[in-house]
Amino acid sequence: MRVYPDKLSQYLTKLPACFLLFGDDPWLVDNAKRQILKAAKKQGFEERVQLAQENNFNWDELQQEWQSMSLFASRRIIELQLPNAKPGTDGSAALQSLMQSPNPDVLLILHGPKLASEQTNNKWFKSLDAHGVYVPCITPEGKQFSRWLDERINLYKLQLDHDAKAMLFNLFEGNLLAAEQALQLLQLLSPNTLIHSDKLSDYFEDQSHFSVFQLMDALLSNHQKQAQHMLAQLASEDTALPILLWALFKELTTLLALKQAQIQGEQLNSLWSKHRIWDKRKPLYQHALSHLSLPQIEHMLAFASKLEVNLKQHGDDNWVGLSHLCLLFDPAAHSKLAHIELG
């Protein structure tokens with residue numbers, strides 16, 4: 001039975017034979033596991049056995065753990081990690097065998113990466129799913145992330161104004177773990193007080209994500225000297241290039257959407273909310289849109305894509321190429337640099 005992470009607590013009163021925690025978000029997997037373990041402890045599951053499917057993993061060991069009695073006369077939890085979510089022929093048979101021999105004193109928890117549709121159609125998965133709960137732990141995006149963020153803000157009893165929420169959204173979309181840590185910090189620093197975006201800036205100015213965010217602001221306003229200095233500082237601090245590329249893609253994609261809408265006669269005032277741009281950043285986008293043409297923005301996106309391909313396929317940390325891309329936020333640079341291509 002498929003149950004989404006935000007609904008998991010409703011299925012913990014009476015635990016099923018197994019839980020399947022598969023997905024690409026470590027925070028969701030860990031949070032789901034902690035909820036299950038807490039509920040299991042209340043129901044007498046005190047002993048915990050942890051296994052991992054590694055090279056030459058013996059599936060008989062899993063079956064022996066399933067059938068053996070607890071040393072401490074308590075109910076037991078078997079936690080099995082499937083790094084590739086591919087148990088193979090022997091593993092598939094073993095997992096199906098467990099479900100054919102139910103043991104009410106043993107709880108099985110499987111966890112691993114995101115499952116492809118063909119994997120959820122395999123016999124081993126269908127057998128476990130029929131007797132348990134499948135929790136897809138996929139990082140929420142867009143409206144789903146906004147809803148997740150609102151729920152966590154309410155959980156920590158935080159008060160944030162509209163711009164502060166928008167800033168958190170832009171800073172941490174795609175990274176639930178970092179978002180959770182930020183909210184915990186806010187709970188410690190500003191309990192029972194209204195938090196404005198300026199206050200968030202003070203809190204996160206030393207964080208790498210916020211430094212990247214500051215770089216984006218400098219680029220949108222075409223403060224090239226400041227931007228190149230920031231970029232050099234981020235490079236010296238070994239900031240991960242994928243983080244910078246992700247931020248640049250986000251800004252360029254937003255610029256492209258705004259520019260296209262502008263050309264079609266739409267008013268920017270009707271677009272700010274749609275693209276989650278808070279008041280403080282509106283002048284930055286207005287400046288960039290008034291100076292950069294549609295072909296220039298499209299060229300920059302294509303250049304960013306090439307940087308990403310080279311990074312993923314060849315491991316090319318091209319900081320010079322990234323500096324080149326940043327320079328292209330200056331419309332005057334296009335006539336001098338746009339002809340340069342990456343190798």
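Nothing here was measured: the structure is a model prediction, and the numbers come from that model.
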Practice item. Please check if the side chain of H314 supplies one atom and the backbone of N310 the other of a donor-acceptor pair under 3.5 Å. Key: no
Practice item. Using modelled atom types only, decide if a donor and an acceptor are shared between the side chain of T253 and the backbone of F249 within a distance under 3.5 Å. Key: yes
Point to revise | Donor-acceptor under 3.5 Å (H334 side chain, L328 main chain) | key: yes
Check your understanding: Does some side-chain heavy atom of Y4 sit less than 4.5 Å from a side-chain heavy atom of V135?
Key -> no
**Study point:** Euclidean distance, L95 CG relative to H131 NE2, rounded to 0.5 Å
**Key:** 12.5 Å
Exercise for review: Please tell me if the side chains of L256 and L301 come closer than 4.5 Å, counting only heavy atoms from C-beta onward.
Suggested key: yes
Practice item. State whether the side chain of N122 and the backbone N or O of F125 hold a donor-acceptor pair below 3.5 Å, judged by distance alone. Key: no
Point to revise | Heavy-atom check, side chain of L186 versus side chain of I195, under 4.5 Å | key: yes
Point to revise | F19 and L8: CA distance, side-chain angles, deciding distance, side-chain contact (heavy atoms from CB on, under 4.5 Å) verdict | key: CA-CA 10 Å; F19 285 93; L8 177 60; 4.0 Å; yes
Check your understanding: For the residue pair F303 and H324, is the inter-centroid distance of their aromatic rings smaller than 6.0 Å?
Key -> yes
Point to revise | Heavy-atom pair with the smallest gap, counting every atom of A218 and M230 | key: CB-SD, 4.3 Å
Review point. Just by distance, with hydrogens left out, do Q96 and S92 show a side-chain donor and acceptor under 3.5 Å apart?
Key: yes
Review point. Does a sphere of radius 6.0 Å around CD in Q260 hold more than 12 heavy atoms from other residues, nucleotides or ligands, not counting ones at 6.0 Å or beyond?
Key: yes
Exercise for review: Using the side-chain contact (heavy atoms from CB on, under 4.5 Å) rule, take Y11 and M1 through it: C-alpha gap first, then chi angles, then the decisive distance, then the call.
Suggested key: CA-CA 10 Å; Y11 295 85; M1 174 175 60; 3.6 Å; yes
Point to revise | M300 vs L325 side-chain heavy atoms within contact, under 4.5 Å | key: yes
Check your understanding: Counting heavy atoms not belonging to K86, are there more than 12 under 6.0 Å from its NZ?
Key -> no
Exercise for review: Using distance alone, with no hydrogens and no angle criterion, decide if S323 and Q228 have a side-chain donor and acceptor under 3.5 Å apart.
Suggested key: yes
**Study point:** Any donor-acceptor N/O pair, Q43 side chain to L12 backbone, under 3.5 Å
**Key:** yes
Exercise for review: With rounding to the nearest 0.5 Å, note down the distance linking CD in E61 to CD1 in I78.
Suggested key: 9.5 Å
Practice item. Search all heavy atoms of L215 against all heavy atoms of A227 and return the closest pair with its distance. Key: CD1-O, 3.4 Å
Practice item. Group every Ile, Leu, Val, Met, Phe, Trp and Tyr by side-chain heavy-atom contacts under 4.5 Å, then state whether I109 and W124 land in the same group. Key: no
Exercise for review: Hey, could you give me the OG1/CD distance between T139 and Q144, rounded to the nearest 0.5 Å?
Suggested key: 10.5 Å
Check your understanding: Would V29 and L20 show up in the same hydrophobic cluster when neighbours are defined by side-chain heavy atoms closer than 4.5 Å?
Key -> no
Exercise for review: Calculate, to the nearest 0.5 Å, the distance between atoms CG and CG belonging to L258 and L294 respectively.
Suggested key: 11.5 Å
Check your understanding: Linking I/L/V/M/F/W/Y whenever any side-chain heavy atoms sit under 4.5 Å apart, do L200 and L194 land together?
Key -> no
Check your understanding: Just checking, is any N or O donor in the side chain of Q233 or E237 under 3.5 Å from an acceptor N or O on the other one?
Key -> yes
Exercise for review: Would you check if the side chain of H223 reaches a backbone N or O of L219 as a donor-acceptor pair within less than 3.5 Å?
Suggested key: no
Exercise for review: Take Y156 and E151 through the test side-chain hydrogen bond (donor to acceptor under 3.5 Å, both in side chains) and record every step on the way to the result.
Suggested key: CA-CA 9 Å; Y156 286 112; E151 290 173 354; over 6 Å; no
Check your understanding: In terms of heavy-atom contacts, does CD of Q267 have more than 12 from other residues, nucleotides or ligands at under 6.0 Å?
Key -> no
Practice item. Please determine which of L128, V133, D129 meets the side-chain contact (heavy atoms from CB on, under 4.5 Å) test together with C18. Key: L128
Review point. Could you state the interatomic distance from CG (D60) to CG (N58), rounded to the nearest 0.5 Å?
Key: 4.5 Å
**Study point:** Greater than 12 external heavy atoms within 6.0 Å of H229's NE2
**Key:** no
Check your understanding: What heavy-atom pair brings G132 and P16 nearest, and what distance separates the two atoms?
Key -> CA-CB, 3.9 Å
Which pairs would a plain distance check flag for residues 98-108, meaning a side-chain donor or acceptor within less than 3.5 Å of a matching protein atom at least two apart in sequence or in another chain?
residue, atom, partner, partner atom, Å
N103, OD1, D105, N, 3.0
N103, ND2, W66, O, 2.8
D105, OD1, R75, NE, 3.4

Point to revise | S190 side chain vs T193 backbone, donor-acceptor pair below 3.5 Å | key: no
Review point. Linking I/L/V/M/F/W/Y whenever their side-chain heavy atoms sit closer than 4.5 Å, directly or via other members, would I138 and W246 fall into one cluster?
Key: no
Check your understanding: So, does Q296 use its side chain to make a donor-acceptor pair with the main chain of S293 at under 3.5 Å?
Key -> yes
Point to revise | Any donor-acceptor N/O pair, T239 side chain to L234 backbone, under 3.5 Å | key: yes
Exercise for review: Measure the acute angle between the ring planes of F22 and Y134, then classify it against the limits of 30° and 60° as parallel, tilted or perpendicular.
Suggested key: tilted
Exercise for review: Kindly indicate whether the side chain of L284, heavy atoms from C-beta on, has any atom under 4.5 Å from the side chain of M216.
Suggested key: no
Exercise for review: Answer whether the closest heavy-atom distance between the side chains of P331 and N222 falls below 4.5 Å.
Suggested key: yes
Check your understanding: Taking a hydrophobic cluster as the set of Ile, Leu, Val, Met, Phe, Trp and Tyr residues connected by side-chain heavy atoms closer than 4.5 Å, whether directly or through intermediates, do L177 and L155 fall within one such cluster?
Key -> no
Review point. Do you know the tightest heavy-atom contact between F145 and P140?
Key: CB-O, 3.5 Å
Check your understanding: What are the two closest non-hydrogen atoms of K259 and L292, and how far apart are they?
Key -> NZ-O, 3.0 Å
Practice item. Scan for salt bridge (Lys or Arg N to Asp or Glu O under 4.0 Å) pairs involving residues 16-41, sequence neighbours excluded, and state none if there are none. Key: D30-R34, K33-E79
Review point. Would R281 and E251 pass as an ion pair if we require N to O under 4.0 Å?
Key: yes
Check your understanding: Quick one: do R76 and E46 make a salt bridge, cutoff under 4.0 Å?
Key -> no
Check your understanding: CG/L168 to CD/E173 distance, rounded to the nearest 0.5 angstrom?
Key -> 12.5 Å
Review point. Do N121 side-chain atoms and S117 backbone N/O form a donor-acceptor pair below 3.5 Å?
Key: yes
